Q: 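Input: one structure, supplied below.
Computed over heavy atoms, backbone and side chain alike; hydrogens, waters and symmetry mates excluded. Keep in mind that what you see is a predicted model, and the values were worked out from it rather than measured.
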Amino acid sequence: MSDATLQTVYFYNRHPISSEIILTKLRASRGHLDGLRPEELFPHDQDHYGGLAATDELARGAQVSNGSRVADFCAGLGGTVRYLAHKYGADVTGIELTPARVSGAQELTKRVGLDGTARIVEGNVMDVPLRDASMDAVVSQEAFCHVPDVKKALTEAFRILRLDGRLAFTDWIANQPLAAADTQLLWEGMAIQPLRSITEYRSLVESVGFRVISATDLTEEWGSILKERLAMYQLLREEARQAGTPMGHEAFHESYIRFVDLAQERKMGCIRILVTK
């Protein structure tokens with residue numbers, strides 16, 4: 001494995017949101033795990049910013065509907081995969097790098113009976129195990145920041161999309177160049193690669209052949225979300241400690257505090273990009 005892959009796997013193996021903590025919380029609230037429904041997972045398994053509303057925004061932009069063939073790049077625990085399959089009737093394949101999150105995602109999916117239309121497979125988004133022109137849409141949420149070569153991932157999205165297929169994704173950006181110390185802290189604590197600006201991102205997606213439909217700056221909107229997420233992570237850390245599950249390594253918690261500060265200072269931000277092949 002490359003250093004970047006090892007760092008990403010290390011980070012997510014210790015992430016405070018895990019299938020174990022989700023099932024522990026559901027067992028505590030329900031008394032058992034029998035007959036779990038997909039919607040019971042949604043308050044816990046959406047490991048991205050903006051919750052279900054953000055996923056709905058991507059789904060609308062990508063024109064996801066009943067029967068759509070969708071790939072989710074960097075699918076994590078499969079929250080988006082299950083939601084798109086359940087709400088929209090899409091056939092969704094999530095590509096996830098980290099073996100522990102793949103197995104956790106598969107367990108959650110099976111428990112809610114969606115394994116026929118929602119699947120999570122182990123793979124690298126820079127070399128996707130899907131056929132050419134086999135997908136109607138590709139989505140991704142705040143994940144390309146972990147990918148060493150985003151151009152390769154975008155090229156793979158272009159390859160697997162049918163003609164006129166759409167890619168809709170959100171990711172973190174640098175509104176201004178970050179200090180070297182901040183860049184290093186984000187790498188060590190959150191496996192975040194050097195970030196790019198909105199202009200650079202537009203040029204990047206166009207360079208692989210996509211046509212940009214829209215590029216929306218979410219920096220202002222997501223500033224408050226980050227504060228709420230920090231409080232949630234701090235609570236989850238304590239819950240994970242009590243449950244004996246991974247709490248996230250110390251560098252993550254240190255870097256996340258700085259991450260929030262950088263967003264409040266608008267040095268960092270987020271973008272939602274919608275493109276078509």
Q: Using the rule given for side chain to side chain contact (heavy atoms under 4.5 Å, CB included), can you reason through T80 versus D72, listing the C-alpha separation, both sets of side-chain angles and the distance that settles it, and then say yes or no?
A: CA-CA 8 Å; T80 296; D72 180 13; 3.5 Å; yes
Q: Look only at the side chain of H86 and the backbone of R37, and say whether a donor-acceptor pair between them is shorter than 3.5 Å.
A: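 Pair absent, no side-chain N/O of H86 close to backbone of R37.
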Q: Please name the residue in the list V205, L154, L161 that meets the side chain to side chain contact (heavy atoms under 4.5 Å, CB included) test with V275.
A: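 Checked V205, L154, L161 against V275; only one passes side chain to side chain contact (heavy atoms under 4.5 Å, CB included): V205.
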Q: Do R119 and T93 meet the criterion of a side-chain donor-acceptor pair at a distance under 3.5 Å?
A: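 Yes - a donor-acceptor pair under 3.5 Å links their side chains.
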Q: I'd like to know if the side chain of S197 and the backbone of E200 have a donor-acceptor N/O pair within less than 3.5 Å.
A: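 Side chain of S197 to backbone of E200: a pair is present.
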Q: Would you confirm whether R272, through its side chain, and A215, through its main-chain N or O, come within 3.5 Å as a donor-acceptor pair?
A: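 Between the backbone of A215 and the side chain of R272 there is no qualifying donor-acceptor contact (under 3.5 Å).
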Q: Does a side-chain N-to-carboxylate-O contact under 4.0 Å join E254 and R258?
A: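 R258 and E254: not salt-bridged.
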Q: Please tell me if the side chains of V125 and E156 come closer than 4.5 Å, counting only heavy atoms from C-beta onward.
A: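 Side-chain contact under 4.5 Å: no.
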Q: Evaluate the side chain to side chain contact (heavy atoms under 4.5 Å, CB included) criterion for residues T170 and I271: first the C-alpha distance (whole Å), next the side-chain angles of each, then the deciding distance (0.1 Å), finally the verdict.
A: CA-CA 5 Å; T170 48; I271 190 173; over 6 Å; no
Q: Tell me, yes or no, whether the heavy-atom count around E265 atom CD, taken from other residues, nucleotides or ligands under 6.0 Å, exceeds 12.
A: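 It does: E265 CD has more than 12 such atoms within range.
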Q: Is there a side-chain contact between D115 and Q106, using heavy atoms and a 4.5 Å cut-off?
A: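 Not touching, per the 4.5 Å side-chain cut-off.
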Q: Give the minimum heavy-atom separation between A118 and V81, together with the two atoms involved.
A: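 Between these two residues, the closest heavy atoms are CB-CG1, 3.6 Å.
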Q: Tell me whether K277 contacts the main-chain N or O of L163 through its side chain, where contact means a donor paired with an acceptor under 3.5 Å.
A: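 Checking the backbone N and O of L163 against the side chain of K277, no donor-acceptor pair under 3.5 Å is found.
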Q: Would you check, one step at a time, whether the test salt bridge (Lys or Arg N to Asp or Glu O under 4.0 Å) holds for R27 with D34?
A: CA-CA 9 Å; R27 187 181 287 110; D34 299 334; over 6 Å; no
Q: Going only through I, L, V, M, F, W and Y residues with side-chain contacts under 4.5 Å, is there a path from V102 to Y12?
A: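 No, no single cluster joins them.
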Q: Has the side chain of H146 got a donor or acceptor atom that lies under 3.5 Å from a matching backbone atom of A191?
A: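 Between the backbone of A191 and the side chain of H146 there is a qualifying donor-acceptor contact (under 3.5 Å).
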Q: In terms of side-chain heavy atoms, does R211 have a donor or acceptor partner in T276 at a distance below 3.5 Å?
A: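 There is no such pair between these side chains.
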Q: According to a hydrophobic-cluster definition based on side-chain heavy atoms being under 4.5 Å apart (Ile, Leu, Val, Met, Phe, Trp, Tyr only), do V208 and I95 belong together?
A: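 In one cluster with V208: I95, yes.
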Q: Between atom CD1 of I273 and atom CD1 of I198, what is the distance when rounded to the nearest 0.5 Å?
A: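 With rounding to 0.5 Å, CD1 (I273) is 8.0 Å from CD1 (I198).
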Q: Spell out, as yes or no, whether a donor-acceptor pair under 3.5 Å connects the side chain of D91 to the backbone of G67.
A: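 Absent.
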Q: Going by side-chain hydrogen bond (donor to acceptor under 3.5 Å, both in side chains), name the residues that satisfy it together with Y83, two or more places apart in sequence or in a different chain.
A: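 side-chain hydrogen bond (donor to acceptor under 3.5 Å, both in side chains) check on Y83 returns D56, K87.
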Q: Applying a strict under-4.5 Å side-chain criterion to I, L, V, M, F, W and Y, I'd like to know whether L185 and V260 cluster together.
A: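 L185 does not cluster with V260.
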Q: Distance-only, no hydrogens or angles: does the E96 side chain make a donor-acceptor pair with backbone N or O of G76 under 3.5 Å?
A: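 Between the backbone of G76 and the side chain of E96 there is a qualifying donor-acceptor contact (under 3.5 Å).
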Q: What distance separates I192 CD1 from Q7 CD, expressed to the nearest 0.5 Å?
A: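 Taking CD1 in I192 and CD in Q7, the distance rounds to 11.0 Å.
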Q: Can you hop from W187 to V147 via hydrophobic side chains spaced under 4.5 Å?
A: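 In one cluster with W187: V147, no.
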Q: Heavy atoms, side chains only, cut-off 4.5 Å: are R101 and D47 in contact?
A: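 Yes; the side chains approach each other to less than 4.5 Å.
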Q: Taking the side chain as every heavy atom from C-beta outward, state whether M268 and Q176 have any atom pair closer than 4.5 Å.
A: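 They are not in contact (no side-chain heavy atoms under 4.5 Å apart), so the answer is no.
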Q: Does R166 reach the side chain of V139, with side-chain heavy atoms less than 4.5 Å apart?
A: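 Not in contact.
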Q: What are the two closest non-hydrogen atoms of G78 and A105, and how far apart are they?
A: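 Shortest heavy-atom separation between G78 and A105 comes out as N-CB, 3.9 Å.
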Q: If I take atom CD from residue E142 and atom SG from residue C270, how far apart are they, to the nearest 0.5 angstrom?
A: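 SG of C270 is found 5.0 Å from CD of E142.
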Q: To the nearest 0.5 Å, what is the distance between NE2 (H48) and OG (S140)?
A: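 Taking NE2 in H48 and OG in S140, the distance rounds to 11.0 Å.
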Q: Fit a plane to each ring of F259 and Y49, take the angle between them on a 0 to 90° scale, and name the class: parallel (under 30°), tilted (30 to 60°) or perpendicular (over 60°).
A: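 Geometry flag for Y49 against F259: tilted rings.
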Q: Where the side chain of Q193 meets the backbone of C145, is there a donor-acceptor pair that is under 3.5 Å apart?
A: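 No; zero donor-acceptor contacts below 3.5 Å.
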Q: Apart from L274 itself, what residues make up its hydrophobic cluster when side-chain heavy atoms of I, L, V, M, F, W and Y under 4.5 Å apart count as a link, directly or indirectly?
A: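 Same cluster as L274: I213.
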Q: Kindly give the heavy-atom pair with the smallest separation between H44 and I17, and that separation in Å.
A: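 Smallest interatomic distance, heavy atoms only, reads O-CG2, 4.0 Å.
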Q: One thing to verify: whether R60 and E57 come together as a salt bridge, which I'm taking to mean a side-chain N less than 4.0 angstrom from a carboxylate O.
A: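 Between R60 and E57 there is a salt bridge, with a charged N closer than 4.0 Å to a carboxylate O.
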Q: Atom OG1 in T98, atom CD in E122: separation rounded to 0.5 Å?
A: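 With rounding to 0.5 Å, OG1 (T98) is 8.5 Å from CD (E122).
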Q: Any side-chain heavy-atom pair from L33 and L26 closer than 4.5 angstrom?
A: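 Yes, at least one pair of side-chain atoms sits under 4.5 Å.
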Q: For E107 and R111, what are the C-alpha separation, side-chain angles and deciding distance, and is it a salt bridge (Lys or Arg N to Asp or Glu O under 4.0 Å)?
A: CA-CA 6 Å; E107 179 182 4; R111 282 187 177 274; 3.2 Å; yes
Q: Heavy-atom distance under 4.5 Å between the side chains of L178 and L186, does that happen here?
A: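 A side-chain contact exists here, since the closest heavy-atom pair is under 4.5 Å.
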Q: Hey, what do you get for CG (L36) to CG (L108), rounding to the nearest 0.5 Å?
A: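 L36 atom CG to L108 atom CG measures 8.5 Å (nearest 0.5 Å).
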Q: Compute the ring centroids of F73 and F169, then answer whether they are less than 6.0 Å apart.
A: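 No, too far apart.
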Q: Show the nearest heavy-atom pair for residues A153 and F144, with the distance to one decimal.
A: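 Closest heavy-atom pair between A153 and F144: CB-CE2, 4.0 Å.
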Q: Taking the six-membered ring of Y201 as reference, does the NZ or CZ atom of R196 fall below 6.0 Å from its centre and within a 45° cone about the axis?
A: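 Relative to the ring axis of Y201, which defines the angle, R196 lies inside both limits.
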Q: Side-chain heavy atoms nearer than 4.5 Å, only ILVMFWY residues, links allowed to pass through others: does that put F42 and L77 together?
A: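 Hydrophobic grouping puts F42 apart from L77.
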Q: Side-chain donor-acceptor contacts of residues 127-138 below 3.5 Å, not counting sequence neighbours, with atom names and distances?
A:
residue : atom : partner : partner atom : Å
D132    : OD1  : R159    : NH1          : 2.7
S134    : OG   : R131    : O            : 2.7
D136    : OD1  : R69     : NH2          : 2.9
D136    : OD1  : R162    : NE           : 2.8
D136    : OD2  : R69     : N            : 2.8
D136    : OD2  : R69     : NE           : 3.1

Q: For residues L58 and Q141, determine if any side-chain heavy atom of one lies less than 4.5 Å from a side-chain heavy atom of the other.
A: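 Sidechains of Q141 and L58: in contact.
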Q: Locate the shortest heavy-atom distance separating G94 from A75; write the atom from each residue and the value.
A: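 Smallest heavy-atom distance, with atoms named: CA-CB, 3.6 Å.
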